[in-house]
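Just below is one structure, and these are the notes that go with it.
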Amino acid sequence: MDLKGKWVWITGASSGLGEAMSYEFAKKGANLILSSRKLEELERVKANCNPAAKVEIQVLDVAEQAQFETVTNDLLSKTGSIDILINNAGVSQRGLVKETQLAVDRRIMEINYFGAIALTKAVLPSMLKRRSGQIVVMSSLVGKFGSPLRSTYAASKHALHGFFDSLRAETAKEGITITILCPGYVHTNVSQNALTADGQSQGTTDEKTAQGLSPEQFAKKAVRSIEKEKREVIIGRTETLGIYLKRFFPGLFARIISRVAVT
């Protein structure tokens, strides 16, 4: 796919993976719709993008889904199309199942799962009408296997795979492409913002997160995969071997994951 002139809507664009992907898309000549809850940060990202790119800013809280249809229609009236939707906004978790409040579980699912599918349902009709479009979903390695302290985060990412695999099958003949990205450790604020058992942010960066890929490294690999319209992409370092270990040696994987320090 040639990204030049395409309108790309990125949620969670004010920092981390969303910010890095915004710059990478802009370098390749795409036009951008940048969304997050933080207007000031979105303005900063816009100012740092390739000046040749057209950039629209749309403040959006993915947990507040009632507004999605109206927001989408307003954006379509400005841009004419949304060619690629990047469902990137999300929140991680650091809490034991036995200690995590149910309200925290529900909030994680509301943001990571329902936010992504609600925005997809708002954008999908315009893509189907044009018989063209790509929907990109930010999963995780724990979308492929669970790990300690991330039970509902893993559940939300597993749920995304089920939903978007089904959507891919339904729209295979309608010109719609679905790409699921599964990053490992990337050095962002994800662990600082992760919700603990009582719903507070952890406030610290995990050691393995700090040692992960840079957001820029991730963005280059991710955007290249989106250009190639790949179905599912694993991006990371040695931690990605966990997927294959679970597939071929599930008993060994179960013993390892129960003992490994995942923070």
Side-chain angles (χ1 to χ4, degrees), residues 11-12 15-18 36-37 61-65 87-118 137-165 180-213 215 218 234-263:
T11 65
S15 64
L17 305 185
S36 82
R37 295 174 298 168
D61 184 344
V62 296
E64 301 294 331
Q65 293 127 29
N87 285 300
N88 169 68
V91 64
S92 192
Q93 178 187 24
R94 299 293 185 274
L96 296 170
V97 170
K98 65 181 180 181
E99 297 173 354
T100 300
Q101 299 171 6
L102 186 60
V104 176
D105 297 318
R106 291 186 184 279
R107 177 160 178 76
I108 293 169
M109 291 299 294
E110 199 67 51
I111 294 170
N112 292 357
Y113 176 67
F114 287 108
I117 70 169
V137 187
M138 190 64 68
S139 179
S140 165
L141 288 191
V142 297
K144 308 296 283 185
F145 57 79
S147 72
L149 305 179
R150 294 162 173 78
S151 56
T152 305
Y153 178 70
S156 69
K157 299 301 186 179
H158 275 67
L160 289 174
H161 282 264
F163 181 91
F164 284 97
D165 282 349
I180 302 178
L181 302 175
C182 301
Y185 293 113
V186 185
H187 191 180
T188 67
N189 291 332
V190 63
S191 56
Q192 290 191 33
N193 298 328
L195 299 184
T196 57
D198 64 358
Q200 300 298 309
S201 296
Q202 177 175 253
T204 58
T205 298
D206 297 339
E207 181 180 352
K208 290 186 177 179
T209 299
Q211 296 171 351
L213 296 176
F218 171 85
I234 311 299
I235 302 175
R237 292 178 173 154
T238 56
E239 69 272 15
T240 63
L241 296 175
I243 292 175
Y244 307 102
L245 190 61
K246 182 183 180 185
R247 182 182 303 170
F248 297 110
F249 304 99
L252 176 61
F253 174 83
R255 291 194 296 274
I256 292 172
I257 200 68
S258 68
R259 299 170 185 171
V260 71
V262 294
T263 57

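Please read all numbers here as calculations on a predicted model, not as lab measurements.
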Expected output: side-chain Gln93 to main-chain Tyr153 donor-acceptor under 3.5 Å = yes

So among Arg106, Arg107, Met109, which one has a side-chain contact (heavy atoms from CB on, under 4.5 Å) with Thr152?
-> Met109

Mind checking what makes salt bridge (Lys or Arg N to Asp or Glu O under 4.0 Å) contact with Asp165, not counting sequence neighbours?
-> Arg168

Between Gln65 (side chain) and Glu110 (backbone), is there a donor-acceptor pair under 3.5 Å?
-> yes

Rounded to the nearest 0.5 Å, what separation is found between the CD1 atom of Ile257 and the NZ atom of Lys246?
-> 9.5 Å

Any Asp198 side-chain heavy atom under 4.5 Å of Val104 side chain = no

Indicate yes or no for a side-chain donor-acceptor contact from Thr11 to the backbone of Asn88 under 3.5 Å, with no hydrogens or angles considered.
-> yes

Is the backbone of Met138 close enough, under 3.5 Å, to the side chain of Lys157 for a donor and an acceptor to pair up by distance?
-> yes

Taking Ser151 for the side chain and Val97 for the main chain, is one N or O donor matched with an acceptor at less than 3.5 Å?
-> no

Could you tell me whether the side chain of Asn193 reaches within less than 4.5 Å of the side chain of Ser92, counting heavy atoms only?
-> no

Interatomic distance, OG@Ser139 vs NE2@His161, rounded to 0.5 Å, equals 3.0 Å

Non-hydrogen side-chain atoms of Leu149 and Leu96 separated by less than 4.5 Å = yes

Any side-chain donor-acceptor pair under 3.5 Å between Thr205 and Gln192?
-> yes

Please answer whether the main-chain N or O of Tyr185 pairs with a side-chain N or O of Glu239 as donor and acceptor at a distance below 3.5 Å.
-> yes

